[in-house]
Amino acid sequence: MKTIKILPLLLTLAALTNCGNPNAETTENSTTPETVQEEREFYQLKIYSFSTDEQISTTDDYLKNAFMPAVKKQGIDNVGVFKFITNETDTVHKTFVLLPFKSLEQFKELDNKLMEDETYLTAGSAYLNANYDNPPYENIESIVMQAFTDMPMMATPNLEGPRENRIYEMRSYESPTEKYYINKVDMFNAGGEVKLFDRLNFNAVFYGEVLSGPKMPNLMYMTTHADMDTRNKNWEAFVDSPEWKELVAMPKYENNVNHADIWFLYPTEYSDY
């Protein structure tokens with residue numbers, strides 16, 4: 001997948017956690033801004049990359065039999081585990097793990113609590129105690145996000161049909177500066193992109209403001225479709241919709257994305273999605 005090089009950028013977590021658009025438009029809503037702010041979940045997206053089948057098998061066994069049961073003991077439900085559909089330009093096998101948190105404190109405490117769980121340590125021993133010269137993955141990328149105001153909590157897709165045919169589409173939109181990034185987030189919320197996705201049955205799982213990650217400033221979101229044909233038809237309807245044509249023509253939303261990455265995923269048998 002082609003990438004556009006942009007200047008390296010690192011924003012502090014605290015600053016972005018409180019980030020908002022000072023010029024954001026407002027719409028009528030029975031929920032107060034304070035309530036929405038309190039409801040907004042935090043997410044961690046962990047992306048495992050592998051170079052061997054053995055690594056994939058070891059990590060799958062760990063995630064299914066050790067990690068998933070252990071995080072649920074900590075009250076963390078609706079955990080997504082997905083496999084990347086490789087393509088001609090990206091042949092690296094990857095596993096995406098999506099975790100919701102009620103607070104950053106819960107996120108910070110998770111690893112310590114897992115290491116106190118004897119059942120977890122036993123079930124995950126092959127992964128946790130892997131030797132330095134035989135690691136269970138090549139690397140792990142960790143991205144921390146906070147939910148958009150217009151979708152403060154994750155949702156499970158309302159889909160019928162075979163689970164194995166489903167397409168989960170993860171997107172990352174990078175912006176040239178922090179100001180343009182805030183503008184793009186506003187385009188989703190006040191501008192109405194979230195509502196348009198809802199109207200066209202994109203079955204969004206989450207929309208997230210990236211607080212810490214390798215390609216900032218950026219936002220990420222995931223939609224779900226019954227199959228690839230449905231996905232393609234949904235995007236055609238989106239591009240052809242009057243709402244999008246009006247929105248994309250607004251001068252105030254010009255140039256707020258300079259690169260997009262798209263990953264097509266499918267759920268593992270043990271994923272909650």
Side-chain angles (χ1 to χ4, degrees), residues 1-4 43 45-49 78-100 141 143 145 147-148 150-151 153-175 184-185 187-189 191-210 213 215 218-248 253 256-273:
M1 183 173 294
K2 293 183 179 179
T3 59
I4 295 176
Y43 307 126
L45 177 65
K46 300 176 75 174
I47 306 175
Y48 292 78
S49 294
N78 298 325
V79 178
V81 184
F82 310 92
K83 298 288 187 176
F84 171 59
I85 301 174
T86 58
N87 55 67
E88 292 181 357
T89 58
D90 192 348
T91 59
V92 177
H93 291 276
K94 301 181 183 76
T95 295
F96 287 60
V97 180
L98 181 63
L99 294 156
E141 180 179 322
I143 301 166
M145 298 172 273
F148 280 15
D150 269 29
M151 188 175 175
M153 293 186 290
M154 264 188 204
T156 53
N158 182 24
L159 292 174
E160 297 180 356
R163 179 183 173 92
E164 60 268 22
N165 291 342
R166 292 181 188 175
I167 294 295
Y168 286 74
E169 183 171 357
M170 180 83 74
R171 290 193 171 213
S172 168
Y173 291 166
E174 297 171 41
S175 298
K184 182 57 182 176
V185 172
M187 191 174 179
F188 269 87
N189 290 316
E193 278 194 74
V194 171
K195 293 181 177 65
L196 179 56
F197 279 123
D198 286 346
R199 182 177 76 76
L200 297 176
N201 299 316
F202 270 68
N203 288 290
V205 174
F206 78 94
Y207 299 93
E209 300 177 20
V210 174
K215 295 185 176 182
N218 70 309
L219 62 86
M220 299 184 76
Y221 68 99
M222 175 186 276
T223 58
T224 320
H225 313 270
D227 50 44
M228 187 58 80
D229 285 342
T230 302
R231 178 263 176 197
N232 293 338
K233 291 176 182 176
N234 285 344
W235 274 108
E236 287 176 8
F238 180 91
V239 172
D240 291 338
S241 67
E243 298 100 317
W244 174 245
K245 289 180 179 179
E246 179 182 357
L247 190 60
V248 77
Y253 288 134
N256 57 15
V257 173
N258 66 335
H259 179 73
D261 282 313
I262 303 172
W263 298 272
F264 293 123
L265 314 171
Y266 65 91
T268 62
E269 62 177 18
Y270 53 90
S271 176
D272 289 333
Y273 289 93

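No experiment lies behind these values; they were computed from the predicted model shown.
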Task: Interatomic spacing from CD in Glu141 to CG in Leu45 - rounded to 0.5 Å - done: 7.5 Å
Open item on the list: Quick check: do Asp150 and Lys195 have side-chain heavy atoms less than 4.5 Å from each other?
Closed with: yes
Task: Phe84 vs His93, side-chain contact (heavy atoms from CB on, under 4.5 Å): CA-CA, chis, key distance, verdict - done: CA-CA 7 Å; Phe84 171 59; His93 291 276; over 6 Å; no
TODO: Could you tell me which non-hydrogen atom of Ile85 sits nearest to which non-hydrogen atom of Ile167, and how far apart they are?
DONE: CD1-CD1, 4.1 Å
Task: salt_bridge(Glu169, Arg231) N-O dist < 4.0 Å - done: yes
Open item on the list: Quick check: do Val210 and Met220 have side-chain heavy atoms less than 4.5 Å from each other?
Closed with: yes
For residues 199-206, which side-chain N or O atoms pair as donor and acceptor with protein atoms under 3.5 Å away, sequence neighbours left out?
{"from": "Arg199", "atom 1": "NE", "to": "Glu243", "atom 2": "OE2", "distance (Å)": "2.7"}
{"from": "Arg199", "atom 1": "NH2", "to": "Glu243", "atom 2": "OE1", "distance (Å)": "3.0"}
{"from": "Arg199", "atom 1": "NH2", "to": "Glu243", "atom 2": "OE2", "distance (Å)": "3.2"}
{"from": "Asn203", "atom 1": "OD1", "to": "Asn158", "atom 2": "N", "distance (Å)": "3.2"}
{"from": "Asn203", "atom 1": "ND2", "to": "Asn201", "atom 2": "O", "distance (Å)": "3.4"}

Open item on the list: Please determine whether a side-chain nitrogen of the Lys or Arg among Arg166 and Asp227 lies less than 4.0 Å from a carboxylate oxygen of the Asp or Glu.
Closed with: no
Task: Donor-acceptor pair between Lys215 and Ser172 side chains, under 3.5 angstrom - done: no
Open item on the list: What I want to find out is whether Lys184 reaches Glu209 closely enough, with some N-O distance under 4.0 Å, to be called a salt bridge.
Closed with: no
Open item on the list: I'd like to know whether the aromatic ring centres of Phe148 and Phe188 sit less than 6.0 Å apart in this structure.
Closed with: yes
Open item on the list: Counting C-beta onward and ignoring hydrogens, is there a side-chain heavy-atom pair between Thr224 and Tyr273 closer than 4.5 Å?
Closed with: no
Task: Check: Phe264 and Met228 side chains under 4.5 Å, non-hydrogen atoms - done: yes
Open item on the list: Ser241 vs Leu196, test: side-chain contact (heavy atoms from CB on, under 4.5 Å). Steps then yes/no.
Closed with: CA-CA 9 Å; Ser241 67; Leu196 179 56; 3.5 Å; yes
Open item on the list: When you measure from the side chain of Asn165 to the backbone of Pro162, do you find a donor-acceptor pair of N or O atoms at a distance under 3.5 Å?
Closed with: no
Task: Asn258/Glu174 under side-chain contact (heavy atoms from CB on, under 4.5 Å): CA gap, chis, key distance, verdict - done: CA-CA 6 Å; Asn258 66 335; Glu174 297 171 41; 3.8 Å; yes
Open item on the list: Test of understanding: with side-chain hydrogen bond (donor to acceptor under 3.5 Å, both in side chains), list the residues that count as partners of Tyr221, not counting sequence neighbours.
Closed with: Tyr173
Task: For Pro100 against Tyr43, the heavy-atom pair lying closest together - done: CA-CD2, 3.8 Å
Task: Side-chain donor or acceptor of Ser49 paired with backbone N/O of Lys94 under 3.5 Å - done: no
- [ ] Find out whether Leu247 and Glu193 are in side-chain contact, i.e. whether some heavy atom of one side chain is under 4.5 Å from a heavy atom of the other.
- [x] yes
Task: Straight-line distance of Leu219 CG to Met187 CE, nearest 0.5 Å - done: 11.0 Å
Open item on the list: Does any part of the side chain of Phe82, heavy atoms only, come nearer than 4.5 Å to the side chain of Met222, both counted from C-beta?
Closed with: yes
Task: Side chains of Ile47 and Thr95 in contact at under 4.5 Å (non-hydrogen atoms) - done: no
Open item on the list: For Met151 versus Met154, what's the shortest heavy-atom pair and its separation?
Closed with: CE-C, 4.3 Å
Open item on the list: Let me confirm one number: the CG-NZ distance from Leu98 to Lys46, rounded to the nearest 0.5 Å.
Closed with: 12.0 Å
- [ ] With sequence neighbours left out, write down each residue that passes side-chain hydrogen bond (donor to acceptor under 3.5 Å, both in side chains) with Glu269, or none if nothing qualifies.
- [x] Lys64
TODO: Measure across Trp263 and Arg171 and return the closest heavy-atom pair with its distance rounded to 0.1 Å.
DONE: CZ3-C, 4.4 Å
TODO: In sequence, state the C-alpha distance, the side-chain angles, and the governing distance for Trp244 and Phe197, and then conclude on ring pair (Phe, Tyr, Trp, His ring centres under 6.0 Å).
DONE: CA-CA 10 Å; Trp244 174 245; Phe197 279 123; 8.4 Å; no
TODO: List the atom of Gly80, the atom of Ser271, and the distance in Å for their closest heavy-atom pair.
DONE: CA-OG, 3.4 Å
- [ ] Quick one: closest heavy-atom pair of Lys245 and Asp240, and the distance?
- [x] CE-O, 3.6 Å
